[in-house]
2 protein chains.
Amino acid sequence: MSTKALRKEEEDNLLRRADDLCRQNNLRLTPIRERVYRELVQSGGPVGAYDLVDRLSSEKKRLAPVTIYRALDFLRDAGLVHRLATQNSYVISHGQPDVNAMKIMFVDSKTGETIEVHSTEVAEAVKKAAEQAGFKSVSPFMEVEGEIAQ
Amino acid sequence: MSTKALRKEEEDNLLRRADDLCRQNNLRLTPIRERVYRELVQSGGPVGAYDLVDRLSSEKKRLAPVTIYRALDFLRDAGLVHRLATQNSYVISHGQPDVNAMKIMFVDSKTGETIEVHSTEVAEAVKKAAEQAGFKSVSPFMEVEGEIAQ
DNA sequence: ATATGATACGTTAAAACATATCATATGCAG
DNA sequence: CTGCATATGATATGTTTTAACGTATCATAT
Ligand SMILES: [Zn+2]
Ligand SMILES: [Zn+2]
Ligand SMILES: [Zn+2]
Ligand SMILES: [Zn+2]
């Protein structure tokens with residue numbers, strides 16, 4: 001089985017998962033929202049909002065930026081998409097909501113490529129540091145820049 | 001001794017430290033760069049670039065945004081200032097370059113208030129996670145959003 | 001004395017990113 | 001069917017950051 005086929009299966013899984021999640025929470029995964037999500041899934045990495053505008057626009061119909069931002073907001077609220085603040089870009093959230101883990105997005109400084117890792121160890125260490133800082137709760141998402149080996 | 005006096009001493013220390021650092025590395029802490037750094041020190045928290053434009057402009061002379069951005073770039077390259085990507089703002093880096101520690105900026109989701117904590121525990125846990133992700137090196141700076149207790 | 005190089009700053013403009021506003025459409029509950 | 005909430009279209013604007021080009025200043029070389 002080719003890696004392409006594997007990828008395709010994974011894509012379909014993610015799409016189904018998103019669909020189910022929305023159905024179960026009475027959220028409407030409208031066509032535009034689904035197209036944005038699908039584009040992020042297929043890209044395999046972070047994509048900027050204006051990139052999404054380009055990719056989802058056709059000759060006859062150009063989407064307005066605000067349309068994309070609204071879809072992104074919906075997907076983020078649903079927990080399906082993360083915003084990468086350091087990159088001004090958006091990336092799918094994969095992995096089940098492992099509630100005790102820190103979701104770390106490692107971002108390659110050069111290419112912008114990202115890899116998501118979930119770690120309870122980091123979550124605990126950060127929680128300890130947060131208490132030290134007088135913070136009672138912290139986001140389960142972090143972004144760390146670095147360099148990919150090779 | 002009043003807290004105000006204490007604060008003033010701390011400010012002077014930071015200014016001196018910055019001055020020394022630049023001198024030792026043949027970096028030129030010019031008047032504009034020093035004013036930007038001083039403003040960040042005195043503000044006691046993160047400040048946006050356009051805020052700095054306003055604060056450092058006078059009736060007769062209005063600084064251009066790019067002037068501030070250039071000063072900020074210099075200060076960041078020198079390791080004196082951090083950019084907070086989630087806030088589009090800039091904040092002084094205090095604490096000696098504790099090379100083995102992760103410098104965590106906790107950002108209050110509501111007010112934008114920040115507290116910096118250095119943690120070797122977090123650094124180690126993140127390093128482990130990074131290896132898992134195929135990252136050979138990671139930035140010693142992180143930003144974590146959360147809520148301050150009270 | 002004059003030329004060259006290096007760095008910082010001024011000025012202008014544009015790119016890149018994000019939101020506001022109001023009109024229209026669409027789905028859905030009563 | 002009707003009315004209401006929600007989603008999208010269309011347009012404009014706001015915000016943040018960088019690009020491009022020129023000038024000023026000072027040091028060093030010719
Ligand atoms: Zn939202
Ligand atoms: Zn995730
Ligand atoms: Zn730089
Ligand atoms: Zn620091």
Side-chain angles (χ1 to χ4, degrees), chain A residues 18-19 22-23 25-40 43 45-78 80-91 107 109 112 143 145, chain B residues 18-19 22-23 25-40 46-78 80-91 107 112 143:
Chain A
D19 209 67
C22 290
R23 208 178 304 279
N25 292 88
N26 275 337
L27 302 174
R28 295 166 56 184
L29 191 61
T30 62
I32 286 184
R33 291 164 177 174
E34 211 217 352
R35 284 172 66 203
V36 170
Y37 185 69
R38 182 191 307 277
E39 188 60 41
L40 288 175
S43 84
V47 184
Y50 276 71
D51 246 1
L52 289 167
V53 170
D54 291 340
R55 298 189 194 184
L56 298 184
S57 290
S58 62
E59 303 286 330
K60 26 190 66 172
K61 180 141 193 64
R62 178 158 188 86
L63 294 177
V66 69
T67 302
I68 299 299
Y69 279 105
R70 286 194 284 229
L72 287 171
D73 182 60
F74 169 87
L75 294 168
R76 290 169 66 194
D77 288 350
L80 292 165
V81 163
H82 299 311
R83 177 176 130 85
L84 295 185
T86 61
Q87 310 291 112
N88 290 327
S89 66
Y90 303 83
V91 64
V107 183
S109 304
E143 215 167 316
E145 289 187 84
Chain B
D19 209 68
C22 290
R23 207 177 306 278
N25 293 89
N26 275 338
L27 303 173
R28 295 167 55 183
L29 191 59
T30 63
I32 287 184
R33 291 164 177 174
E34 211 218 353
R35 284 171 68 202
V36 169
Y37 184 68
R38 184 193 306 279
E39 190 60 42
L40 288 173
V47 185
Y50 275 74
D51 246 2
L52 289 168
V53 171
D54 291 340
R55 297 187 195 183
L56 298 183
S57 291
S58 62
E59 302 286 329
K60 24 193 67 172
K61 179 137 195 67
R62 177 158 188 87
L63 294 177
V66 70
T67 302
I68 300 297
Y69 278 104
R70 286 196 281 232
L72 288 170
D73 182 60
F74 169 87
L75 294 168
R76 290 169 66 193
D77 288 350
L80 292 165
V81 163
H82 299 311
R83 177 175 130 87
L84 295 184
T86 60
Q87 308 291 110
N88 290 329
S89 65
Y90 303 83
V91 64
V107 183
E143 210 169 320

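All of these numbers come straight from a predicted model, not from anything done at the bench. Residue numbering restarts at 1 for every chain, and letters A, B, ... go by the order of the sequence lines.
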Quiz item: Residues two or more places apart in sequence or in another chain: which of them pass side-chain contact (heavy atoms from CB on, under 4.5 Å) with B:Asn25?
Solution: B:Leu21, B:Leu27
Self-check item: Nearest to side-chain heavy atoms of A:Arg33, which nucleotide of C:dG10, D:dA7, D:dA10
Solution: D:dA7
Practice problem: Under 3.5 Å for both distances, Watson-Crick or G-U wobble, that's the pair rule; now give the dot-bracket for DNA chain D, with | marking pairs to another strand and [ ] for crossing ones. | Solution: ||||||||||||||||||||||||||||||
Quiz item: Quick one: salt bridge (Lys or Arg N to Asp or Glu O under 4.0 Å) pairs with a partner in residues 46-67 of chain A, sequence neighbours left out?
Solution: A:Glu39-A:Arg55, A:Asp51-A:Arg55, A:Asp54-A:Arg62
Quiz item: For the residue pair A:Tyr90 and A:Leu40, what are the closest heavy atoms and their distance?
Solution: O-CD2, 3.4 Å
Quiz item: Tell me: CG of A:Leu56 to C1' of D:dT8, nearest whole Å?
Solution: 15 Å
Quiz item: Atom CG of B:Leu72 to atom C1' of C:dA8: distance rounded to whole Å?
Solution: 15 Å
Exercise. Check the distance between C:dA16's C1' and A:Leu52's CG and give it to me in whole angstrom.
Key: 14 Å
Practice problem: Indicate for each nucleotide in nucleotides 17-30 of chain C, in 5' to 3' sequence, whether protein heavy atoms under 4.0 Å reach the base (B), only the sugar-phosphate (S), or nothing (-). | Solution: BBBBB-----S---
Quiz prompt | Pairs involving residues 26-35 of chain B, ordered by first then second residue, that meet salt bridge (Lys or Arg N to Asp or Glu O under 4.0 Å) (sequence neighbours left out) | solution = B:Glu34-B:Arg38
Self-check item: B:Gln87: side-chain hydrogen bond (donor to acceptor under 3.5 Å, both in side chains) partners, not counting sequence neighbours
Solution: none
Quiz item: Distance from A:Leu56 atom CG to A:Ile68 atom CD1, nearest 0.5 Å?
Solution: 5.0 Å
Practice problem: Starting from P on C:dT11, measure out to CD1 on B:Ile68 and report it in whole angstrom. | Solution: 14 Å
Review item, side-chain donor-acceptor pairs of residues 70-78 of chain B, under 3.5 Å, at least two apart:
none

Quiz item: Who passes side-chain hydrogen bond (donor to acceptor under 3.5 Å, both in side chains) against A:Thr67, sequence neighbours left out?
Solution: none
Quiz item: At under 4.0 Å, does any side-chain N or O of A:Thr67 touch on OP1 or OP2 of D:dG9?
Solution: yes
Practice problem: Round to a whole Å and report the spacing from CD1 of A:Ile32 to P of D:dT6. | Solution: 18 Å
Practice problem: Sequence neighbours left out, what passes side-chain contact (heavy atoms from CB on, under 4.5 Å) with B:Asn88? Give chain and number order. | Solution: B:Arg83
Quiz item: Tell me: CZ of B:Arg35 to C1' of C:dC9, nearest whole Å?
Solution: 13 Å
Quiz item: Within the structure, does a side-chain N or O atom of B:Thr30 lie under 4.0 Å from either OP1 or OP2 of C:dC9?
Solution: yes
Quiz item: Roughly how many Å is it from CG in B:Asp73 to P in D:dT16, rounded to a whole number?
Solution: 18 Å
Exercise. Find the distance A:Leu29:CG to D:dT8:P and express it as a whole number of Å.
Key: 10 Å
Quiz prompt | Short side-chain N/O contact from A:Lys61 to OP1 or OP2 of D:dA10, under 4.0 Å | solution = yes
